[in-house]
Number of protein chains: 2
Amino acid sequence: MATNSNLTARGGETERSNLALGRLGDFVGFRLRRVQNQLSRKFAAANADMGLRSGLFSSLAIVAANPGISQSELSSEVGLDKSVTVTIIDELEKYGWAERRRSPDDRRRHALYVTPEGDRQLDRLFARMEEVEGAVLHSLTEAEHQMLNDVLDRMYDAVVREL
Amino acid sequence: MATNSNLTARGGETERSNLALGRLGDFVGFRLRRVQNQLSRKFAAANADMGLRSGLFSSLAIVAANPGISQSELSSEVGLDKSVTVTIIDELEKYGWAERRRSPDDRRRHALYVTPEGDRQLDRLFARMEEVEGAVLHSLTEAEHQMLNDVLDRMYDAVVREL
DNA sequence: GAACAATGGTGGAAAATGTCAACTATCGTT
DNA sequence: AACGATAGTTGACATTTTCCACCATTGTTC
């Protein structure tokens, strides 16, 4: 049942660097976190030159894909608090990568848009992200990659569609 | 190529709550983060009663699976700084869930062990984790689950085995 | 159309986390 | 005995979350 490749025995002071996962290995959440941790670490390292705040890239990308989106919508999509989103948009505007425009319909809302400069920046960021992921994905077949995306989407739908 | 189920059109002010992912949808890292975020959020909510610090559960589980492990080894496995691990073990000892014992071989090291009480606690935590994951995993077949674990393991190996 | 609850956005304080650089004790090697 | 490397600890510091109060605007209700 378990896909356990870490059978490292304790007791013999093994030199194999791998540790046992124990029951932790039965949970997808753990494996997910493990991989995701490393991945985001790599990505952060690759972009250490410019000091990009954590949620900044995702936010910019989401705005680019959804022109006119509101800060609340963005917040819930990226999974950040509204107040954090404010800070992020502030920064994006400071860099000149995005801008707020008052919505004519609902004057409370700020409709968000990516500037041309922001688009260029996104290109760069996406390129680096591809590099980082490439190193990881080359160990997967195209079919596996496809299936992974599919499975992750279904998991996301499942976890979101409950209260 | 992309497994995109969010084709929500912009422009028509659609009421569908789903947003477009755009190019972000081409990256596994994004999907990974998405699912993992929700999952850990759920898990945290399920355990809100006791105030469990972030890395605490994983650490306890790893120690349980590797009795006598050192703090450094634990640190690198969980992906935390040594100093953070110190704090975590402090807390675990305060709760009476784990303990340090000076290693006889190497008196610098602290060999870590889970107490019986810690084991009971782990049972409870694992049970809750199963509940949380169960809701997500029921949307996957057993074969998919298996494959997901396998793929994630390979990705982890790939990302770890590079400098 | 006046009153009131609900929503989008801001600002700021406080707690939780993560990062880093000393510093001690111990080990291994020479 | 002397040296560098490792395990653990501590404390300072920056960065991130988390919350809560607040203002402007909207929508609803009578």
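Throughout, a chain's letter reflects where its sequence line sits, starting with A, and its residues are numbered from 1.
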Enquirer: In whole angstroms, how far is the P atom of D:dT18 from the CD1 atom of A:I88?
Expert: 13 Å
Enquirer: Among C:dT10, C:dT17, D:dT17, which nucleotide has an atom closest to any side-chain atom of A:K82?
Expert: C:dT10
Enquirer: Cation-pi check for B:F126 against A:R23: NZ or CZ below 6.0 Å from the six-membered ring centre and within 45 degrees of the axis, yes or no?
Expert: no
Enquirer: Below 3.5 Å between N/O atoms, which protein atoms pair up with nucleotides 20-27 of chain D? Just atom names and distances, please.
Expert:
| from | atom 1 | to | atom 2 | distance (Å) |
| --- | --- | --- | --- | --- |
| D:dT25 | OP1 | A:R107 | NH2 | 2.8 |
| D:dT25 | O2 | A:R108 | NH1 | 3.4 |
| D:dT26 | OP1 | A:R107 | N | 2.9 |

Enquirer: Which residues pass the side-chain contact (heavy atoms from CB on, under 4.5 Å) test with B:V28, sequence neighbours left out?
Expert: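 Result, side-chain contact (heavy atoms from CB on, under 4.5 Å) vs B:V28: A:E133, A:L137, A:H145, A:L148, A:N149, A:L152, B:L32, B:M155.
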Enquirer: Whole-Å distance between D:dA7 C1' and B:E73 CD?
Expert: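 In whole Å, D:dA7 C1' lies 11 Å from B:E73 CD.
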Enquirer: Does B:S72 have a side-chain nitrogen or oxygen under 4.0 Å from the phosphate oxygens OP1 or OP2 of D:dG8?
Expert: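 Answer is yes, contact under 4.0 Å.
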Enquirer: Rounded to the nearest angstrom, tell me the gap between atom CG in A:L80 and atom C1' in D:dT16.
Expert: 10 Å
Enquirer: Using whole Å, what does the distance between atom P of nucleotide D:dT6 and atom CZ of B:R109 come to?
Expert: 13 Å
Enquirer: Determine the contact category for B:T85: base if any of its heavy atoms lies under 4.0 Å from a base atom, sugar-phosphate if only primed atoms, P, OP1 or OP2 are that close, otherwise nothing.
Expert: nothing
Enquirer: Got a sec: does the CZ of B:R124 have more than 12 other heavy atoms crowding it under 6.0 Å?
Expert: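 Atom CZ in B:R124 is packed in, count exceeds 12.
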Enquirer: At less than 4.0 Å, is any side-chain N or O atom of A:Q71 found next to OP1 or OP2 of C:dT10? Yes or no.
Expert: yes
Enquirer: Among D:dT10, C:dG18, D:dT18, which is the nearest nucleotide to the side chain of B:S54?
Expert: C:dG18
Enquirer: So, for A:L39 and A:V132, which heavy atoms are closest and what is the spacing to 0.1 Å?
Expert: O-CG1, 4.1 Å
Enquirer: Just how far, in rounded Å, is P of C:dA15 from CZ of B:R53?
Expert: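 So the CZ-P distance, B:R53 to C:dA15, works out to 15 Å.
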Enquirer: Any sub-3.5 Å donor-acceptor pair from B:R128's side-chain atoms to B:A46's backbone N or O?
Expert: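 Yes; at least one donor-acceptor contact below 3.5 Å.
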Enquirer: Donor-acceptor check, side chain of B:R102 to backbone of B:R108, threshold 3.5 angstrom: yes or no?
Expert: yes
Enquirer: Just to verify, what does B:S59 make a side chain to side chain donor-acceptor pair (under 3.5 Å) with, not counting sequence neighbours?
Expert: none
Enquirer: Using whole Å, what does the distance between atom C1' of nucleotide C:dA16 and atom CG of B:L56 come to?
Expert: 14 Å
Enquirer: Output yes when at least one side-chain N/O atom of B:R100 is less than 4.0 Å from OP1 or OP2 of D:dT9, else no.
Expert: yes
Enquirer: When the distance from CG of B:L112 to C1' of D:dG8 is rounded to whole Å, what number comes out?
Expert: 11 Å
